[in-house]
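Below is one structure; the comments refer to it alone.
Note that this is a predicted model, so its numbers are computed, not measured. Both counts, for ligands and for their atoms, begin at 1 and track the order of listing.
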Amino acid sequence: MSDDIFLKIIAGELPAHKVYEDEYTYAFLDATPNNPGHTLVVPKERYKDIYEIPEEALSHVMNTVKKVAIAVKKATNADGINIAMNNEPAAGQLVFHAHIHVIPRFKDDGYKHWGKKDYKEGEAEKVAESIRAEI
Ligand code: DGP
């Protein structure tokens with residue numbers, strides 16, 4: 001039996017507030033929202049994260065993310081929307097079935113953006129070159 005809670009939600013074995021479903025994707029309210037209306041969009045097939053998910057499946061997910069983002073904004077009267085994906089525990093991933101967070105944001109919701117760092121001399125050039133070499 002799978003220990004994938006999102007597969008169980010898709011199969012109706014665990015309760016969730018579904019907001020959208022199509023052949024490839026499923027969208028439901030996050031149980032512990034940053035703000036009311038915070039929705040998770042998942043592929044119906046299990047892929048662990050951004051590294052594993054095939055381009056075609058990701059493209060289905062992103063099409064649904066756009067649909068859901070527009071609906072969440074209208075339904076909640078949000079001032080903005082964050083789209084986020086956590087990959088691996090170091091980045092905050094808790095559920096290992098790839099998913100995108102659609103988070104409605106409000107001017108007065110109290111959240112702050114992540115802190116920023118400065119590059120040291122020569123560091124940006126070096127890291128950009130390393131990334132280019134991996135693509
Ligand atoms: P992440 O940290 O990116 O892996 O986010 C996982 C999210 O999944 C987290 O915001 C809470 C949500 N979540 C975990 N378990 C359940 C559940 O059983 N039902 C619902 N609706 N959401 C869940």
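Near His101, meaning under 4.0 Å from any of its heavy atoms, are these atoms of ligand 1: 1 (P), 3 (O), 5 (O), 10 (O). The ligand atoms of ligand 1 that sit less than 4.0 angstrom from a heavy atom of Thr32 are 10 (O), 11 (C). Of all atoms in ligand 1, numbered sequentially from 1 with element shown, those under 4.0 Å from a heavy atom of Phe6 are 8 (O). Residue Asn86 approaches ligand 1 through these ligand atoms, each under 4.0 Å from one of its heavy atoms: 1 (P), 2 (O), 3 (O).
Scanning the protein heavy atoms around atom 1 (P) of ligand 1, the nearest turns out to be His99 NE2, 3.2 Å. The nearest heavy-atom contact from the protein to atom 4 (O) of ligand 1 is Leu94 N, 2.7 Å. In this structure, the protein non-hydrogen atom closest to atom 16 (C) of ligand 1 is Ile5 CD1, 3.9 Å. For atom 19 (N) of ligand 1, the nearest protein heavy atom (residue, atom name, distance) is Ile9 CD1, 3.6 Å. Annotation: atom 21 (N) of ligand 1 to nearest protein heavy atom, Leu29 O, 2.9 Å.
Of the polar atoms of Gln93, none of the N or O atoms is found under 3.5 Å from an N or O of ligand 1, judged by distance alone. Backbone and side-chain nitrogen or oxygen atoms of Ala31 are examined, and one is located within less than 3.5 angstrom of a nitrogen or oxygen of ligand 1. For a threshold of 3.5 Å applied to N or O pairs, the pair formed by Gly92 and ligand 1 contains at least one separation below that value. Of the N or O atoms in Phe28, none lie within a sub-3.5 Å distance of an N or O in ligand 1. Taking distance alone, with nitrogen or oxygen atoms compared against 3.5 Å, His38 stays at or beyond that limit from ligand 1. At under 3.5 Å, not a single nitrogen or oxygen of Leu40, backbone or side chain, sits near a nitrogen or oxygen of ligand 1.
Around the OH atom of Tyr111, the shell of radius 6.0 Å holds more than 12 heavy atoms that belong to other residues, nucleotides or ligands. By the 6.0 Å contact criterion, CD on Glu129 is enclosed, its count of non-hydrogen atoms from other residues, nucleotides or ligands being greater than 12. A 6.0 Å sphere centred on CD of Glu45 holds no more than 12 heavy atoms belonging to other residues, nucleotides or ligands.
Ring pair Phe6/Phe28: centre-to-centre distance below 6.0 Å.
Proximity annotation for atom 12 (C) of ligand 1: of Thr39, Asp30, Asn34, Asp30 comes nearest, heavy atoms only.
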Identify every side-chain donor-acceptor pair in residues 70-80 under 3.5 Å, counting partners at least two apart or on other chains, and give the distances.
{"residue": "Lys73", "atom": "NZ", "partner": "Ala78", "partner atom": "O", "Å": "2.8"}
{"residue": "Thr76", "atom": "OG1", "partner": "Val72", "partner atom": "O", "Å": "2.7"}
{"residue": "Thr76", "atom": "OG1", "partner": "Ala78", "partner atom": "N", "Å": "3.4"}
{"residue": "Asp79", "atom": "OD2", "partner": "Lys107", "partner atom": "N", "Å": "2.8"}

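Residues Tyr26 and Lys18 have side chains that never bring a donor and an acceptor to within less than 3.5 angstrom of each other. Using modelled atom types and a 3.5 Å distance limit, the side chains of Asp22 and Tyr24 yield no donor-acceptor pair.
Here the NE2 atom belonging to His101 is positioned 3.5 Å from the NE2 atom belonging to His99, to the nearest 0.5 angstrom.
Between the side chain of His97 and the backbone N or O of Pro43 there is at least one donor-acceptor pair closer than 3.5 Å.
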task: Quick one: do Val102 and Val65 satisfy side-chain contact (heavy atoms from CB on, under 4.5 Å)? Show the steps, please.
output: CA-CA 7 Å; Val102 178; Val65 164; 4.1 Å; yes

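Looking at His17 against ligand 1, nothing comes within 4.0 Å, counting heavy atoms.
Glu21 and Lys44 are joined by a salt bridge, as a carboxylate oxygen and a charged side-chain nitrogen come within less than 4.0 angstrom of each other.
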